[in-house]
Amino acid sequence: MYKTIEAYYENGKIICKDAMPPLKKAKLLITIVEEEPRKTQKLLRFKGIF
């Protein structure tokens with residue numbers, strides 16, 4: 001079964017927002033979502049189209 005949890009990465013540590021599920025061993029797939037996304041010039045040309 002797959003579970004998704006919300007956590008933060010700060011100074012080399014993963015900090016969970018809620019309690020970790022009670023697991024002894026698990027495989028993790030980590031997606032990094034930047035808090036402040038970078039603006040790129042390539043996407044600015046589409047501004048106002050959508």
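Please read these numbers as outputs of a predicted model, since none were measured by experiment.
The shortest side-chain heavy-atom distance between Thr31 and Leu29 does not fall under the 4.5 Å cut-off.
Here Leu28 contributes atom CG and Ile5 contributes atom CD1; the two are 7.5 Å apart, rounded to the nearest 0.5 Å.
Residues Tyr9 and Ile30 share a single hydrophobic cluster, defined by chaining ILVMFWY side chains whose heavy atoms lie under 4.5 Å apart.
Minimum interatomic distance between Cys16 and Ala7 (heavy atoms only, all atoms of both residues): CA-CB, 3.9 Å.
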